Amino acid sequence: MDHFDYRDGELYAEDLPVQEIASAVGTPFYCYSSATLIRHYKAFSDAMSGLDAKIYYAVKANSNVALVRLLAKQGAGADIVSGGELAIAQAAGVAPDNVVFSGVGKKREEMRAGLDAGIGQFNVESEAELEALSEVASGMGATAHIGIRLNPDVDAKTHAKITTGKAENKFGVSWPRARELYARAAELPGIKIKAVAVHIGSQITTLEPYELAYRRLLEMVDVLEQDGHDIGTLDLGGGLGIPYGAETPPTPAEYGEVVRRVFGKTNKKLGFEPGRVIVGNAGIVVSSLVYNKQSEDRRFVIIDAAMNDLIRPTLYDAKHDLVPVRLTNGPHSNADVVGPICESGDTFARNCELPELGEGELIAIRSAGAYGAVMASTYNARPMAPEVLVHGNSFSVIRKRKTIEDLIADDTIPDWLK
Ligand code: LLP
């Protein structure tokens with residue numbers, strides 16, 4: 001459930017008409033609901049109540065400092081994948097101990113920054129990374145607390161580009177090599193083993209792959225403990241899917257039941273790294289209709305948001321619901337909703353039922369809170385859209401609209417070309 005509802009035929013974000021925000025900031029823009037964010041965070045943490053569980057919000061899903069801060073205030077830690085996300089977690093006030101650093105390609109300077117900050121855990125994904133981390137940590141006289149991310153070779157049954165736990169994926173250490181790598185970690189200076197981690201993918205809509213991966217993980221933890229390692233924490237990843245349209249993915253509560261079934265009897269601390277399920281349905285993109293265009297057999301609705309603002313439809317064939325901000329009783333028909341970018345892939349929806357709308361009328365793209373603004377670009381020299389956060393009946397601009405001057409400010413013409 002979210003807090004984007006119609007009142008008297010007008011789309012509201014919490015207690016504020018979306019139209020009012022659009023009049024103030026222009027379109028397109030990202031609009032987030034703080035109440036929805038908090039609600040989703042609570043749904044997830046309630047699902048884990050009674051377990052020794054910690055939630056590390058996956059900053060990659062939406063890294064606006066204001067949102068990360070809002071979640072930190074609810075008690076969330078941060079799952080980060082770069083030095084940039086570390087800085088964001090710090091700016092948002094996440095306690096360093098509540099930060100987990102994931103990712104296959106951490107550079108030495110990023111490791112150093114994490115160690116300097118005193119983060120709680122590094123999730124190591126390869127032998128080379130383990131050696132590098134040991135070198136950096138021992139050189140600083142520091143200790144890196146680590147988990148090793150294992151690849152359970154489980155098919156999460158999601159889009160190929162966001163499945164991460166199959167043997168062919170670049171992520172994690174293969175199952176057969178786990179013992180060897182833990183043994184190596186145990187002898188390396190500057191390294192302290194703390195956890196085992198798995199993450200099998202994103203937008204996961206069935207629970208079976210989780211259960212399979214988690215049971216395998218538990219077996220491996222037994223083996224590692226028999227080898228003499230002290231595994232206090234199990235990092236269970238993120239990935240729970242959300243409804244983009246009519247689909248009904250498992251709820252956090254149902255996911256929590258799987259976790260309890262598998263880990264209920266362990267005395268381990270559990271870590272979770274949800275991103276999308278917290279923030280996905282807490283955000284929309286608001287755009288204006290630029291032109292209506294009728295071809296021989298097709299109605300096109302051209303809006304002022306484009307694939308540079310929200311790339312998910314063209315990159316993952318994702319289907320986001322599109323809705324008019326003002327409902328009408330007038331005639332409806334099917335339309336292709338497209339952006340202005342010079343690619344046919346700049347299409348948000350095909351054959352989407354919409355009322356007839358005039359130029360300047362608003363269309364909202366739903367479920368855009370996760371992997372929306374963070375994946376935006378300036379393709380076609382389109383300045384990045386602003387982000388606003390609604391809180392009850394007020395809103396704040398939490399990232400201002402970029403200008404065309406911003407776009408070209410860092411380009412320089414070499415002397416020989418002047
Ligand atoms: N932990 C790790 C190690 C991850 O790689 C990810 C996501 C997460 C947690 C959070 O997963 P979530 O709960 O948000 O599903 N851009 C794609 C999604 C990429 C996900 C990558 N990893 C999209 O728009 O669908």
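Quantities reported herein were computed from a predicted structural model and do not represent experimental measurements. Just follow the structure's listing: the first ligand is 1, and inside any ligand the first atom is 1. This chain uses plain numbering: 1 for the first residue, then up along the sequence.
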Show me, by chain and number, every protein residue that has a heavy-atom distance under 4.0 Å to ligand 1.
Ala58, Lys60, Asp79, Arg149, Ile162, His199, Ser202, Gln203, Gly238, Gly239, Glu273, Pro274, Gly275, Arg276, Arg312, Tyr316, Tyr371, Met375

Could you tell me whether Tyr210 and Tyr255 have their ring centroids closer than 6.0 angstrom?
yes

Closer than 4.0 angstrom, basic N to acidic O: yes or no for Arg366 and Asp2?
yes

Taking only residues at least two apart or on different chains, which pairs with a member in residues 80-96 satisfy side-chain hydrogen bond (donor to acceptor under 3.5 Å, both in side chains)?
none

Can you pull out every side-chain hydrogen bond (donor to acceptor under 3.5 Å, both in side chains) where at least one residue sits in residues 37-49? Sequence neighbours excluded, please.
none

Indicate, with yes or no, if the rings of Phe4 and Tyr12 have centres closer together than 6.0 Å.
no

Side chain to side chain donor-acceptor pair (under 3.5 Å) with Glu10: which residues, sequence neighbours excluded?
Arg326

